[in-house]
Amino acid sequence: MVVPSYCCVCIRCVRSIGTNTRLQKQKKTGAGNMSSNVKTRFAPSPTGHLHVGGARTAIYCWAFARANEGKFLLRIEDTDQKRSSEQATAGFFEDLQWLNILWDEGPTFEKAGGGDEGPYFQAQRLPVYREQLQKLFDAGLAYYAFETQKELGEERKKAREEKRAYRYNRASLELSAEIIQQNLDEGKPHVVRFKVPEGGPLTMQDCVIGDVTVERSEVDDFVIFKGDGYPTYHFAVVVDDALMNVTHVFRGQEHLNNTFKHNLLQDALGFEHPTYAHMSLIFNPDGSKMSKRDKDKTLRKFVKENQIEKAPAGCVSDEAWATWQASKDNQLSTEDATHLSEALGVTLPEINVGDFKRAGYMPEVLLNYLCLLGWSPGNDVEQFDAAFLVENFSLDRIVKSPAKFDRAKLLAFNLDALQKLTSEEFESRLFSWCEVYAPKFAALENFALFASANHERSKTYKDSTETSHFLIEPDDEISWPESKPVKKALLKGEVTGLSRIPAIIDGLKSLEEWTNESIDACLHALADSLADGSLGKVAQPVRIAVAGGPVSPPIGDTLVLLGKESTLHRLERCHEHFASTCDV
RNA sequence: GGUCCCAUCGUCUAGUCAGGUCAGGACACCAGGUUUUCAUCCUGGGAACAGGGGUUCGAAUCCCCUUGGGAUCACCA
């Protein structure tokens, strides 16, 4: 079998740098009318949720494919039998779908999927990998290794102590054919390693970083087939990308060093090198890596600081709690973490796409913001939609340096986008969100008014419900914690707000029509007669009385939403409450 | 620790490849103003080329060193 020397011999590699600009020019000048062969892929491992870093990669893959009239492929890398789950896989489909990142090839899910180069689950491709592995055996580029993980672990530890990088020592390469056969016959656990060919320094090409070169000794004989009979990531990714005709590989920079291994494997297998684009990582504002562990860390910190000894009743089992507390390495399950955070009133950091969905962001905005973390269209353009992205996306504008995720800016973008929505769009989107995350609000009788009252003042859908919680509380459960603004509006001043309430009750009671206009007129009239025309002196006590706090939608909307009966009842209760506890 | 990557306002970035406008925008922040609360909205403001050497008439931009940050060194992907 012919083993090509590395890279630069294939057409695609020579062409790779700047491919996009060329293709785009073709497209725009109309010079190239045949559909391009560009194919990108997003290949998540279904071991958790789609997080923002992964989502950004998926968006870039998708945008690049669309920008070049190519295909976008989704492949599920589920070769880790222990950690992969169907539930996680479904979660990825849903999150991608929510962002409206649809794949042309891959597992079928609603409007996405298809293609005839599958299966697109790696766990179903064992025969394919075995066949390719045989090519390596035939070429003398693969060999069995019988060291146990424990032995290897000790070697590694030793290397660390001696302050050098660990490299596999090739001990199993020295084994005689007889010994190997004997081990195999005895069913001795084994892996298959790739034999790195002799040669000079290794150079990889990356169209965002540029060329990177390392000494060949930096790459050891890595494992390509695991003890459980499944291929490792390195082997499966190389085989699948080649067999599925992937031309451009976008991935996080944590894979940069892996690329040398992948290039070596591609050469050994006779595959072309795809074009690589390694993207910088996304960090938290404090500079730490944004990871799924952040939620666990937040909870742990809160529990420790508040010296909480056991979980609040009914949210986490004693057993799960004990395991969690036993070691920092034991993370709470997503469900338990959510329950615990709710019970403790801790806000968990948003990390996953699903977290932002739950927090009430628009998918278009998350997509927009994520794009901006590592790519910029120039010309001071920041807010754009998917169509603009597809029209303008290019590799040469991807930023090399890492970015910190700034929630304040995301929030500002979301506010802008929400405000651009028509009231009908806002209402329908808010309703869909409430159906899932705040069903009590979805059940509101006058939902249209609830939506319009909140449209202008909400940065997220969640804002709408959080500042209107009093709407779904029973009249008799409203309480009035004496915060500063509450005291100011009700108890302070020569004439207190509280003392005006009886007159306000009378005024409102006399209304025949209970509409925004009639209430408004009534309150203005009351303001004139009771407070020299200062509407705030009337409206604010009313707001506090009906809402239990100083924040609510505009007062007219608030009262219409509540209804006349509730409004009056709450005003009376509030007056009684303060009259009995205070000396007014 | 070895190897590799990265470096412009607090943050995301434009400008770097083809050296030459008081380094531009957005978010955040600060000060005013509008508003019945919160949120909006309007006006204004401060704010950066990590440091040091070169090359050049001229350096954010090209080269080198230092410093700082990050990734990686699995039978995880």
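Residue numbering restarts at 1 for every chain, and letters A, B, ... go by the order of the sequence lines. Quick caveat, the model's predicted, so the values are computed rather than measured. Reckoned from all heavy atoms, side chains included, excluding hydrogens, waters and symmetry mates.
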**Q** Taking any heavy-atom pair under 4.0 Å as a contact, classify A:N379: base, sugar-phosphate, or nothing.
**A**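 A:N379: no heavy atom of the nucleic acid under 4.0 Å.
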**Q** Quick one, A:L395 and A:I398 - any side-chain contact, counting heavy atoms below 4.5 Å?
**A** yes
**Q** Look at all strands and tell whether A:R407 reaches a base, only sugar-phosphate, or nothing, counting heavy atoms closer than 4.0 Å.
**A**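 Touches nothing.
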**Q** Between which nucleotides of RNA chain B, read 5' to 3', does contact with chain A run, using atoms under 4.0 Å from its heavy atoms?
**A** B:G1 to B:A77
**Q** Would you mind pulling out the nucleotide paired to B:U3, Watson-Crick or G-U wobble, both distances under 3.5 Å?
**A**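 Partner of B:U3: B:A71.
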**Q** Would you say A:Q132 and A:L243 make side-chain contact, with heavy atoms under 4.5 Å?
**A** yes
**Q** Heavy atoms under 4.0 Å, any strand shown: does A:V214 hit a base, just sugar-phosphate, or nothing?
**A**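 Counting heavy atoms under 4.0 Å across all strands, the contact made by A:V214 is with sugar-phosphate only.
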**Q** Say we look at B:C38 and B:G46: how far apart would their C1' atoms be, to the nearest angstrom?
**A**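 Per the computed distance, 28 Å lies between those C1' atoms.
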**Q** Would you mind classifying the nucleic acid contact of A:P550 as base, sugar-phosphate or nothing, using non-hydrogen atoms under 4.0 angstrom?
**A** base
**Q** Which value, in whole Å, describes the distance between the C1' atoms of nucleotides B:A7 and B:A60?
**A** 12 Å
**Q** Quick check: on RNA chain B, is the nucleotide nearest A:Q383 upstream (toward 5') of the one nearest A:R543, or the reverse? Name the residue that is more 5'.
**A**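 Taking each residue's closest nucleotide, the earlier one in sequence belongs to A:Q383.
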**Q** Using a 4.5 Å cut-off on heavy atoms from C-beta on, say whether the side chain of A:D206 contacts that of A:L256.
**A**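 Yes, their side chains come closer than 4.5 Å.
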**Q** Closer than 3.5 angstrom, by distance alone: can the side chain of A:E466 be matched with the main-chain N or O of A:D463 as a donor-acceptor pair?
**A**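 Checked: no pair found.
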**Q** Any base atoms under 4.0 Å from A:R156, or only sugar-phosphate, or nothing? Heavy atoms, all strands.
**A** sugar-phosphate
**Q** Backbone N or O of A:A88 within a donor-acceptor pair of the A:S85 side chain at under 3.5 Å?
**A** yes
**Q** Are any side-chain N or O atoms of A:R397 and backbone N or O atoms of A:S376, one a donor and one an acceptor, separated by less than 3.5 Å?
**A** yes
**Q** Over all heavy atoms of both residues, which pair between A:P274 and A:V246 is shortest? Give the atoms and the distance, please.
**A**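 Nearest heavy atoms, A:P274 then A:V246: CB-O, 3.9 Å.
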**Q** Looking at every strand, decide which applies to A:E382 at a 4.0 Å heavy-atom threshold: base, sugar-phosphate, or nothing.
**A**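 Here A:E382 touches the bases of the nucleic acid.
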**Q** Would you indicate what A:L411 reaches in the nucleic acid, counting non-hydrogen atoms under 4.0 angstrom: base, sugar-phosphate, or nothing?
**A** nothing
**Q** Pick the P atom in B:A47 and in B:G25, then give their distance to the nearest Å.
**A** 14 Å
**Q** In the structure shown, which nucleotide is the Watson-Crick or G-U wobble counterpart of B:A60, with both distances under 3.5 Å?
**A** none
**Q** Which one is paired to B:U11, where only Watson-Crick or G-U wobble pairs with both distances under 3.5 angstrom count?
**A**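 Partner of B:U11: B:A26.
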**Q** Take atom P in B:U16 and the same atom in B:G24, then report the distance between them in whole Å.
**A** 15 Å
**Q** What's A:S376 touching, base or sugar-phosphate or nothing? Going by heavy atoms closer than 4.0 Å.
**A** sugar-phosphate
**Q** Expressed in whole Å, how much space separates the P atoms belonging to B:C62 and B:G15?
**A** 13 Å
**Q** When you compare the side chains of A:Q266 and A:N263, does any donor N or O come within less than 3.5 Å of an acceptor on the partner?
**A** yes
**Q** In residues 364-373 of chain A, which residues come under 4.0 Å of RNA chain B by heavy atom?
**A** A:L372, A:L373
**Q** Which whole number of Å gives the distance between the P atom of B:U21 and that of B:A59?
**A**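 11 Å, rounded to whole Å.
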**Q** Answer with base, sugar-phosphate or nothing: what part of the nucleic acid does A:I209 contact at a heavy-atom distance below 4.0 Å?
**A** sugar-phosphate
**Q** Between B:C63 and B:G1, how far apart are the P atoms? Round to whole Å, please.
**A**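 Pairwise P distance, B:G1 against B:C63, rounds to 27 Å.
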**Q** How is A:Q419 classified with respect to the nucleic acid when contacts are heavy atoms under 4.0 Å: base, sugar-phosphate, or nothing?
**A**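 It contacts sugar-phosphate atoms only.
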**Q** Classify the nucleic acid contact of A:P553 as base, sugar-phosphate or nothing, counting any heavy atom under 4.0 Å across all strands shown.
**A**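 Contact class for A:P553: base.
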**Q** Does A:D78 offer a backbone N or O that forms a donor-acceptor pair with the side chain of A:Q81 under 3.5 Å?
**A** yes
**Q** Within the 4.0 Å heavy-atom criterion, would you say A:K459 contacts the bases, only the backbone, or no part of the nucleic acid?
**A**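 The answer is sugar-phosphate, as A:K459 gets under 4.0 Å only of primed atoms, P, OP1 or OP2.
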**Q** Please work out if A:E77 contacts a base, only the sugar-phosphate, or nothing of the nucleic acid, heavy-atom cut-off 4.0 Å.
**A**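 Sugar-phosphate, backbone atoms only, no base.
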**Q** Contact class for A:T79 vs. all strands (heavy atom < 4.0 Å): base, sugar-phosphate, or nothing?
**A**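 Since only primed, P, OP1 and OP2 atoms lie under 4.0 Å of A:T79, the category is sugar-phosphate.
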**Q** Map A:D520 and A:G227 onto RNA chain B by nearest heavy atom, then report which one ends up closer to the 5' terminus.
**A**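 This one resolves to A:D520.
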**Q** Side chains of A:D416 and A:Q383: do they bring a donor and an acceptor to under 3.5 Å?
**A**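 A pair is found: one side chain offers a donor N or O, the other an acceptor, under 3.5 Å apart.
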**Q** Distance check, C1' atoms only: B:C5 and B:C41, in whole angstrom units.
**A**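 Between the two C1' atoms, the distance is 44 Å.
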**Q** Given the ring of A:Y143, does A:R193 sit roughly above its face, with NZ or CZ under 6.0 Å from the centre of the six-membered ring and within 45° of the axis?
**A** no
